[in-house]
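Right, one structure below, let's go through it.
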There are 2 protein chains.
Amino acid sequence: MGSEARTNQDEPDFAELLRGAKLRVTASRLGVLRSLARLSHADAETIASEVTSQLGSVSTQTVYSVLAAFVEAGIVRRIEPAGHPALHELRVGDNHHHIVCRTCGTTTDVDCVVGKRPCLTPSETHGYLLDEAEVTFWGICPGCQERGGTLQSRALLQGA
Amino acid sequence: MGSEARTNQDEPDFAELLRGAKLRVTASRLGVLRSLARLSHADAETIASEVTSQLGSVSTQTVYSVLAAFVEAGIVRRIEPAGHPALHELRVGDNHHHIVCRTCGTTTDVDCVVGKRPCLTPSETHGYLLDEAEVTFWGICPGCQERGGTLQSRALLQGA
DNA sequence: CAGTATTTTAGACTTGTTCCAATCTTGGAG
DNA sequence: CTCCAAGATTGGAACAAGTCTAAAATACTG
Ligand SMILES: [Mn+2]
Ligand SMILES: [Mn+2]
Ligand SMILES: [Zn+2]
Ligand SMILES: [Zn+2]
């Protein structure tokens, strides 16, 4: 033991993931990957502050460019639920779907029964060459249901 | 004939539609409705310029507030395909879906076999109370397929 | 047809994101 | 190791889409 290269048990080998994707290994990139492993469905700003708390600092622009590189390389998935900033996650390649809370925006994964895209085909493609069927379920999350039964909270809902 | 109230054959009675939705009848609102009848899936700016060409002028802000009122009243549907400004359409209440072109953004309706929301339910709701399953199909439209077969166009695709 | 509630408007502002050119870092060649 | 070119990071400006404001204009009610 002692002086051998320490492979941190806690986390998958992100450096290797990067190399595999032909991306240079940098502190910012490892930081973003570590953040994504903790936070599921995170927006750029949240990631930036998480990385900052790990490394001392990152610029927002770096986070944006790192995320763009990751999405391009296929190691991160980006979703853009209507009315929310883009969210990012490490879970790629399984074509899963999402449930988004109308009240608080919390986003939860739902497995896709099919598992590979496009998991659904419309009756009529209108000549399009389809590669993906993106499904977003909208509703109220358990937490918001509790707070949400009363008229009081309906007012709150409207106000916010 | 002659002096009786002229009900324009060409277009449905938008004034009536507005009154039915308890909304005041104004020139801007009629203009937006007329525009939406022509343009399917239009963004605020496109609508603004269409209304301007009809009435001489409208402010962008008016278009935004008119659209917000319409969506709130349920006479207009808004969709927000990832990476595009919000689109608006008159076709409401049938829970239809959309195909969006990855290259040019053209958006086409697809009928929903079920017709009322939520037309789909995930295997596991995670406690959410669901009211809608939004389905967006992504692919390449016929036009872009033509332009798109060659390497030349793959470069173009990457550039734009 | 007057009065009030609602709508329209210009303009400032916010949020999320991209572009830029200068500076720093990484991984590979020597 | 050490050096260097390709690639990554940065602050700052710029951008796109949309929201907020408070004042002026207009639509419906009585
Ligand atoms: Mn997910
Ligand atoms: Mn439609
Ligand atoms: Zn919620
Ligand atoms: Zn197209």
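So that the names make sense, note that chain A is the first sequence line, chain B the second, and so on, each numbered from 1. All of these numbers come straight from a predicted model, not from anything done at the bench.
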Nonpolar side-chain network containing [X], other nodes, edges under 4.5 Å:
| X | result |
| --- | --- |
| A:L87 | A:I79 |
| A:V100 | A:W138 |
| A:Y128 | A:I99, A:V110, A:L120, A:L130, A:V135, A:F137, B:I99, B:V110, B:L120, B:Y128, B:L130, B:V135, B:F137 |

N or O in side chain of A:T62 less than 4.0 angstrom from D:dT10 OP1/OP2: yes

Side chain to side chain contact (heavy atoms under 4.5 Å, CB included) against B:A68, all qualifying residues, sequence neighbours excluded: none

Can you list the residues that meet the side chain to side chain contact (heavy atoms under 4.5 Å, CB included) rule with B:D94, with sequence neighbours excluded? B:R91, B:H96

Taking only residues at least two apart or on different chains, which pairs with a member in residues 113-129 of chain B satisfy salt bridge (Lys or Arg N to Asp or Glu O under 4.0 Å)? B:R117-B:E132

Among pairs that include at least one residue of residues 15-26 of chain B, which meet salt bridge (Lys or Arg N to Asp or Glu O under 4.0 Å), considering only residues two or more places apart or in two chains? B:E16-B:R19

Listed by chain and number, what are the ring pair (Phe, Tyr, Trp, His ring centres under 6.0 Å) partners of A:H41, not counting sequence neighbours? A:H98

How does each nucleotide of nucleotides 17-30 of chain D score, in 5' to 3' order, for protein heavy atoms under 4.0 Å: base (B), sugar-phosphate only (S), or none (-)? SBBB------BS--

CD (A:E72) and CG (A:L67) are apart, to the nearest 0.5 Å, by 13.0 Å

Can you list every pair that meets ring pair (Phe, Tyr, Trp, His ring centres under 6.0 Å) and has a residue in residues 53-85 of chain B, with sequence neighbours left out? none

Rounded (10°) bend between the five-pair end axes of the helix from C:dC1-D:dG30 to C:dG30-D:dC1: 30°

Between which nucleotides of DNA chain C, 5' to 3', does chain B make heavy-atom contacts below 4.0 Å? C:dA5 to C:dG11

